Amino acid sequence: MSFPLLTATAALPAIGAIATAAVPAARRTAAKWLALLFSLGTLVLAAVLFLRFEPGGDRYQLTESRAWIADFGVRYELGVDGIGVALLGLTALLIPFVIVAAWHDADPLETKSTRWRPTQGFFALILMVEAMVILSFVATDVFLFYILFEAMLIPMYFLIGGFGDRAHAGSDESAATQRSYAAVKFLLYNLAGGLIMLAAVIGLYVVAGSFSLSEIAEARANGSLEMATSTERWLFLGFFFAFAVKAPLWPLHTWLPNAMGEATAPVAVLITAIVDKVGTFAMLRFCLGLFPEASKWATPVVITLALISIVYGALLAVGQRDIKRLIAYASISHFGFIVLGIFAMTSQGQSGATLYMVNHGISTAALLLVAGFLITRRGSRLIADYGGVQKVAPVLAGTFLIGGLATLSLPGLAPFVSEFLVLVGTFSAYPVAGIIATSGIVLAALYVLVLYQRTMTGPVQESVRSMPDLRARELAVAVPLIAVLIFLGVFPKPLTEVVNPAVEHTMSDVQKKDPQPEVEAAK
């Protein structure tokens, strides 16, 4: 029996979570280093997995299959395709930076409302989220995926509600109230989506007689699976609703600004750069893979919602006064681009959407973590409380600028490649949608550059005059992320080689081909 690499990659952070939580209360520093060690070990396994993956090989590789709940046909079934391996790599890459950036975020406090903060629990929860997200990217049993899809809400709820941002205006009591509100809203929205998805999962089993993606695909190929058009469409809506909440797609997005605003910057990265990617990934794997006819039927509506997300998110980002909420609305706009690329149903659009998931994760992590360092120094999230920072902390300002330029998809940085592919793929199939989506690029330049201008340039405010520049630990977070953004911006081939064959399989599922350009015959 071959080594279960997929299980090991997901199990290592889970073991690390248990080990970190078991560290004695007085050994907080040891718990931090232990969590970092396990996250680095997971990154090594993810790198091995990436190297062992053969882009031109089988659709699902390194497969594992074990009986689990035999009476209900549920199996512990894993397999990774090109899209899954790219997002698994993103998760494993970002978690060590999240841990280092959050090094002091759960240290004890002495305030009226909070006498202690369980440091060990904070880092254990981060590792548990990593384990569940990794396993969700490789689960090929629909019921197993559903359990992971819902279970990851529990540690995220405690990370948002129990370890909020310290840079909060008002009393400790009001801050705790707003954190609780954001955490509950996050949980209720996602639980509602999950419950609707559960009904669809049960309906799928009744129709297909299996939860296994491979068995369902085989039954569809040999004609033994008959699914009525109306049934397929209802099942698609059940799955899509849950994924649209997680993504988040307008109008199901309203939990995200609250959650990101009240969470610490590293936890906000965990939300938007990692956990939310499960929603868009699942649209490709489950919506398009299981319900191809319904996906094509729903395309006009989904593209409309994606366009609204792009423009609406960007417009609200322009008007924000809170740094983190601005980044949250910018992410809503970016997720609109991802969904647009998926449902344009062209190879360029879907390749671009997958690359967008990866590149958005890295660029948002870079911008948001540096913003977190800035907010920690000043103790405020309000843009108006800053000014002239580049004169007193030039390295901080420089890294913030590069993260912002990546967010607006500047050529030469990784997000440009993915956004360009999404727009090309959309233009070729839906020209009007492509034109509308382009407005999101203009608005992105506006909110990023205005944010930089108001916080970093101009006269030095008295409150930031003594602000220190980035320290060694913070540079260890910012510099590698920027290096990855530049590398993938000028050389995206390592990702495209892995992603493109998987996109071809998805295009085959929905029986779509790229539109051929219209060329006038030579006279």
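We number each residue from 1, following the sequence as shown. The structure displayed is predicted, hence computed values, not measured ones.
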For side chain to side chain contact (heavy atoms under 4.5 Å, CB included), just list the numbers for Asp322 and Ile383, CA-CA rounded to whole Å, side-chain angles, deciding distance to a tenth of an Å, and then say yes or no. CA-CA 6 Å; Asp322 182 308; Ile383 297 172; over 6 Å; no
For [X], does the [atom1] atom sit with more than 12 other heavy atoms under 6.0 Å from it, leaving out its own atoms?
X      : atom1 : result
Arg473 : CZ    : yes
Arg378 : CZ    : yes
Trp33  : CH2   : no
Tyr312 : OH    : yes

If only atom types and distance count, is the side chain of [X] paired as donor or acceptor with the main-chain N or O of [Y] below 3.5 Å?
X      : Y      : result
Arg465 : Val460 : yes
Arg179 : Ile160 : no
Ser295 : Cys287 : yes
Ser380 : Asp385 : no
Trp255 : Val245 : yes
Thr364 : Gly361 : no
Thr119 : Ala106 : yes
Glu419 : Ala353 : no

Before giving the answer on side chain to side chain contact (heavy atoms under 4.5 Å, CB included), spell out for Leu135 and Val138 the whole-Å C-alpha distance, their side-chain angles and the decisive distance to 0.1 Å. CA-CA 5 Å; Leu135 206 54; Val138 299; 4.2 Å; yes
Trace of the side chain to side chain contact (heavy atoms under 4.5 Å, CB included) decision for Leu90 with His360: CA-CA 10 Å; Leu90 170 70; His360 169 265; over 6 Å; no
What's the spacing between [X] [atom1] and [Y] [atom2] if we round to 0.5 Å?
X      : Y      : atom1 : atom2 : answer
Ile332 : Leu316 : CD1   : CG    : 8.0 Å
Ser333 : Ile338 : OG    : CD1   : 10.5 Å
Ser136 : Lys277 : OG    : NZ    : 12.5 Å
Leu443 : Thr438 : CG    : OG1   : 11.0 Å
Leu159 : Phe123 : CG    : CZ    : 10.5 Å
Ile99  : Lys32  : CD1   : NZ    : 12.0 Å

Determine whether the side chains of Tyr356 and Thr280 contain a donor N or O and an acceptor N or O closer than 3.5 Å. no
Looking only at side chains, do Tyr386 and Ser463 share a donor and an acceptor under 3.5 Å apart?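 The answer is no; no qualifying pair exists.
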Which pair of heavy atoms, one from [X] and one from [Y], lies closest together, and at what distance?
X      : Y      : answer
Val23  : Ala30  : CG1-CB, 4.5 Å
Leu470 : Ala478 : CD1-CB, 4.5 Å
Glu262 : Ala182 : CG-CB, 3.8 Å
Leu252 : Ala244 : CD1-CB, 3.9 Å
Thr20  : Ala124 : CG2-N, 4.1 Å
Ala101 : Leu369 : CB-CD2, 3.7 Å

The test is side chain to side chain contact (heavy atoms under 4.5 Å, CB included); show your working for Arg28 and Gln120 and say whether it passes. CA-CA 6 Å; Arg28 291 191 302 273; Gln120 287 84 337; 4.1 Å; yes
Is the shortest side-chain heavy-atom distance between [X] and [Y] below 4.5 Å?
X      : Y      : answer
Leu288 : Gln350 : yes
Phe236 : Leu290 : no
Phe335 : Asp276 : yes
Met132 : Phe149 : no
Tyr76  : Asp141 : no
Leu94  : Leu270 : no
Arg377 : Leu396 : yes
Met260 : Lys324 : no

Among Asn258, Leu256, Thr254, Val184, which one satisfies side chain to side chain contact (heavy atoms under 4.5 Å, CB included) with Tyr189?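 Single pass found, and it is Thr254.
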Among Val311, Ile303, Thr304, Leu305, the one residue meeting side chain to side chain contact (heavy atoms under 4.5 Å, CB included) with Leu307: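 So the option named by the test is Ile303.
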For a ring pair (Phe, Tyr, Trp, His ring centres under 6.0 Å) check, start with the C-alpha distance between Phe145 and Phe286, then their side-chain angles and the critical distance, and finish with the verdict. CA-CA 10 Å; Phe145 173 83; Phe286 297 102; 4.5 Å; yes
Checking Ser331 against Thr272 for the side chain to side chain donor-acceptor pair (under 3.5 Å) test, could you report, in this order, the C-alpha distance in whole Å, the side-chain angles of both residues, the deciding distance, and whether it holds? CA-CA 7 Å; Ser331 290; Thr272 190; 3.3 Å; yes
For residues 449-472, which residue pairs qualify under ring pair (Phe, Tyr, Trp, His ring centres under 6.0 Å), counting only residues two or more places apart or in two chains? none
